[in-house]
Amino acid sequence: MNVRVRFAPSPTGSLHLGNALTAVANRRFADAERGVFLLRIDDTDPSRTVDGGEMAILGDLAWLGVSIDEGPFRQSERGALYAEAAEHALGAGVAQRDSDSSIRLGRDGTTLLRADGTATYQLASVADDLELGITHIIRGNDHRPNLEIQQRIARAVGGVLPEVIHHGLVLGEDGKKLSKRHGHSSIAELRGEGFPPEAVRAYLDELDLPAHDVHLDVARLRRLAIDAIAAMSDEELAAAAEAPMDVVPVLRGARSLVEAREYANLVLEPAPVDLPPEARLTLDRFVELREPAPERLSPDESRAVLRELKAVGGDLRSLRLALTGASTGPELAAVLSTLSRAEVLARVARTVVA
Ligand code: GLU
C-alpha cells in the first residue's frame, strides 16, 4: 500500500505542543512506511484563521525538521469538491436539503453544507481525506468523538474513511489542558525559551504515539536540550547562539540557546562593574599571574592560573565580575582561554575598585 498521511491544523498560529506531536507522528509514520506526508490547512472556520497563521505553521514544521511532501492544501480553496460530495450524498438519498437550503445527513441531521453553501468541518475533512487518497489518519484523541460521524459521512459520499489512529494529548505538568499560562506550550514559546529544535523533536519522538494523555515533562525537555547542545559541532553551536566561533568554548556549558547567547554577550560585551576594596588583592594577584603567561591560554593553562589565584587568596567571584560583569555565567576557565591576555588585562584595568 502507498501510505499517505496528512497533518491538518487550523491556521491559528504557532503549533501547540500537542499538535506538533501529531505532525511529528505523521511524519515518522510516513517515513517508516516510505509514504507521503501532506499538509492540509483546515481553514473552513474564518474565526479560527489568524493572519500569518499558516506561515507560522510552515516555520514550525521546518524548525522541527518535519518536511512536507505535498501541500499545503487549503480547505478554503476546495469548496467545489465539498459541494460535489454533498450532491453525491443527496443523489444517493442519504442526505436532504433543508428549507434554508443547507444539506444534512439523513439519519442524525449532521450539517454537511451550510445554508450559504460552505462546508462544515466534518464534511470538508472527510471529502479531503477521500480525495487526497489518505490511507491513515493520525490525530489527537480529542477527535475521537468525530470518528463515527466521519465514517458515516464517508459512506454517504461514496467512500470509506481511512484507518484512524488516535493518540493521547500533551497536557501541562499539572494535568490540565496545555495553555500559554503553563509556558512551553507552543513551538514559538519553546523556541523563544532557547530549546534547540533537536531537543523538541527528540522529545516528541520519544513520546511516540501515546495511547493515553501525557503530562509535559519539562525536566526531560531540559535534559534533551543539554544533550542537543552537547551534540552540536562548534559551527552549529555558534550559528544557533548567533555568536562568533571564537567564543564557542564559553557557550559549551549553556543549558539553552538563550543562555548560550547570554554567555556570549557576557564575554563579548561585559557590563562595567564597581567592586569593593577587598577585590583589589584578587585583581592584583591575577595580573601578576596572567601578565607573564602567553597571549593565549589553553583551558588547562587557564585552570592552572585560577588554581594559583585561589592558592594565593584570590576570590574567583571578583575576577568573574571584572571579566564578565556578572556574578554567574560560563565556566571561568573557558572565559580565560577565550579572551586574549591583552583583553583580560584591559578588563581588569578598567574595573573600578572603590
Ligand atoms: N483540523 C483539525 C485540528 O486542527 C484536525 C482534524 C483531523 O486531523 O482530522 O485538530
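Order of appearance sets the numbers: ligands from 1, and atoms from 1 within every ligand. On a predicted model such as this, the values are computed, not experimentally measured, just so you know.
The list of ring pair (Phe, Tyr, Trp, His ring centres under 6.0 Å) pairs with a residue in residues 22-65, not counting sequence neighbours, reads Phe29-His136. Applying the ring pair (Phe, Tyr, Trp, His ring centres under 6.0 Å) test to residues at least two apart or on different chains, none of the pairs has a partner in residues 191-242.
Arg4 contributes no side-chain N or O that, together with a main-chain N or O of Gly35, makes up a donor-acceptor pair within less than 3.5 Å.
Between Asp300 and Ser298, the side chains place no donor N or O within less than 3.5 Å of an acceptor N or O (distance only, hydrogens not considered).
Protein neighbours of ligand 1 below 4.0 Å, counting non-hydrogen atoms: Arg6, Ala8, Pro9, Ser10, Asp42, Tyr121, Ser125, Arg139, His143.
Among residues two or more places apart in sequence or in another chain, the ring pair (Phe, Tyr, Trp, His ring centres under 6.0 Å) test is passed with Phe73 by none.
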Is there a salt bridge (charged side-chain N to carboxylate O under 4.0 Å, His left out) between Glu193 and Arg222? Walk through the geometry before answering.
CA-CA 11 Å; Glu193 290 166 32; Arg222 290 197 203 289; 5.5 Å; no

